[in-house]
Amino acid sequence: MSVSQGSPKQRRIRTPRLLGRIVEHKLMKRVSYKEYRDKVREKYDGPQGALLTTASMLSLHIPLGERMFRKRTFDLHGCRSILDVGSGAGQIAKHLLKYADPEASLTCFDISFEMLRRARNRLQSDVPRNLVADLSHLPFADGSFDCITCGYVLEHLPDPRPGLAELARVLAPGGKMLLLATEDSMAGAFTSRMWCCRTFNRRDLHRVCEDVGLHWQRELWFTGMHKLLRFGGICVEMQRTPTEAR
Ligand SMILES: C[S@@+](CC[C@H](N)C(=O)[O-])C[C@H]1O[C@@H](n2cnc3c(N)ncnc32)[C@H](O)[C@@H]1O
């Protein structure tokens with residue numbers, strides 16, 4: 001183990017990062033993207049995917065996410081065409097159905113057909129258009145949506161750039177996006193181990209988003225306590241930069 005450089009304070013900060021890197025799941029670094037994606041799909045298709053709603057309740061992702069839409073921390077008002085990426089058990093889609101304008105359309109996609117089926121059963125709604133798709137190759141025309149929500153999916157891509165570029169492509173200029181992603185903290189490392197995903201360094205992710213035309217409008221926090229403790233992972237409202245402004 002190498003000793004990190006810097007002041008004692010910096011060293012205290014870096015040690016958990018290093019431990020986190022040890023704990024973090026490594027599968028995606030060892031196999032091809034296709035092999036990895038098949039493993040992820042298998043995982044979500046299977047019993048672990050069946051427990052996703054329970055896990056999201058226990059981690060408070062569902063109630064805290066709902067609070068964010070209810071309080072309009074991320075405001076859906078005026079959004080006409082919404083895309084929910086990697087819908088899973090419909091954790092975010094349920095809030096979208098509740099808080100978006102009644103005339104808004106909602107499209108949900110996931111690589112796991114089984115997760116889409118579970119979401120449909122859970123939501124009991126005919127509103128969402130559901131389809132199986134991979135975040136790195138989206139079957140939508142440029143600028144199809146004026147709002148995108150992407151909760152804990154990007155960490156399932158070894159390189160986030162192609163997925164973010166696709167999201168920037170299908171988001172209309174000026175459109176907004178809510179991104180939730182697993183951070184490179186200790187908590188994030190355990191999440192990564194459990195769900196076979198990677199974690200992100202906040203600054204690196206910020207840079208990639210800006211590169212592909214997704215401007216970090218505001219960093220959001222579930223509560224004041226999350227902000228104070230810098231807990232709860234990466235949560236950002238982004239805006240699609242018009243092409244001529246890039
Ligand atoms: C942790 S769940 C997130 C569910 C929900 N979005 C939320 O915020 O709780 C991750 C979901 O992303 C899906 N997923 C993983 N990789 C994907 C990819 N490349 N394209 C589309 N969906 C993917 C999984 O099948 C799973 O349903």
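These figures come from a predicted structure and were not determined experimentally. Counting convention: from 1, in listed order, for ligands and their atoms alike.
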Can you report which non-hydrogen protein atom sits closest to [atom], along with the distance?
atom                    : answer
atom 27 (O) of ligand 1 : D110 OD2, 2.7 Å
atom 16 (N) of ligand 1 : H156 CB, 3.4 Å
atom 8 (O) of ligand 1  : H61 NE2, 3.0 Å
atom 14 (N) of ligand 1 : I111 CG1, 3.6 Å

Counting only heavy atoms closer than 4.0 Å, does ligand 1 sit against the backbone of [X], its side chain, both, or neither?
X    : result
L135 : both
D84  : neither
Y33  : side chain
D134 : both
R41  : neither
W195 : neither
A133 : backbone

Ranking G86, A89, C108 by closest non-hydrogen atom to atom 6 (N) of ligand 1, top hit is G86
For the residue pair T107 and L131, establish whether any side-chain heavy-atom pair is separated by less than 4.5 Å. yes
State, with a plain yes or no, whether a side-chain heavy atom of L167 is found less than 4.5 Å away from one of F145. no
I need the atoms of ligand 1 closer than 4.0 Å to a non-hydrogen atom of [X], numbered in the order shown.
X    : value
V40  : 15 (C)
V153 : 12 (O), 14 (N), 17 (C), 22 (N), 23 (C)
I92  : 8 (O)
F109 : 21 (C)
M115 : 27 (O)
S112 : 25 (O)
L157 : 19 (N)

Centroid separation [X] to [Y] less than 6.0 Å:
X    : Y    : answer
H156 : Y33  : no
F222 : H226 : yes
Y152 : H61  : yes

Does anything in residues 115-124 pair up under side chain to side chain donor-acceptor pair (under 3.5 Å), and if so which pairs, sequence neighbours excluded? E114-R117
Looking at P63, is its backbone amide N or carbonyl O close enough to the side chain of H95 to form a donor-acceptor pair, meaning the two atoms are under 3.5 Å apart? no
Counting distance only, does the side-chain N/O of Q239 pair as donor-acceptor with the main-chain N or O of G174 below 3.5 Å? yes
Ring-face cation of K98 near F69 (centre distance under 6.0 Å, axis angle within 45°): no
Against ligand 1, does S87 come closer than 4.0 Å with any heavy atom? yes
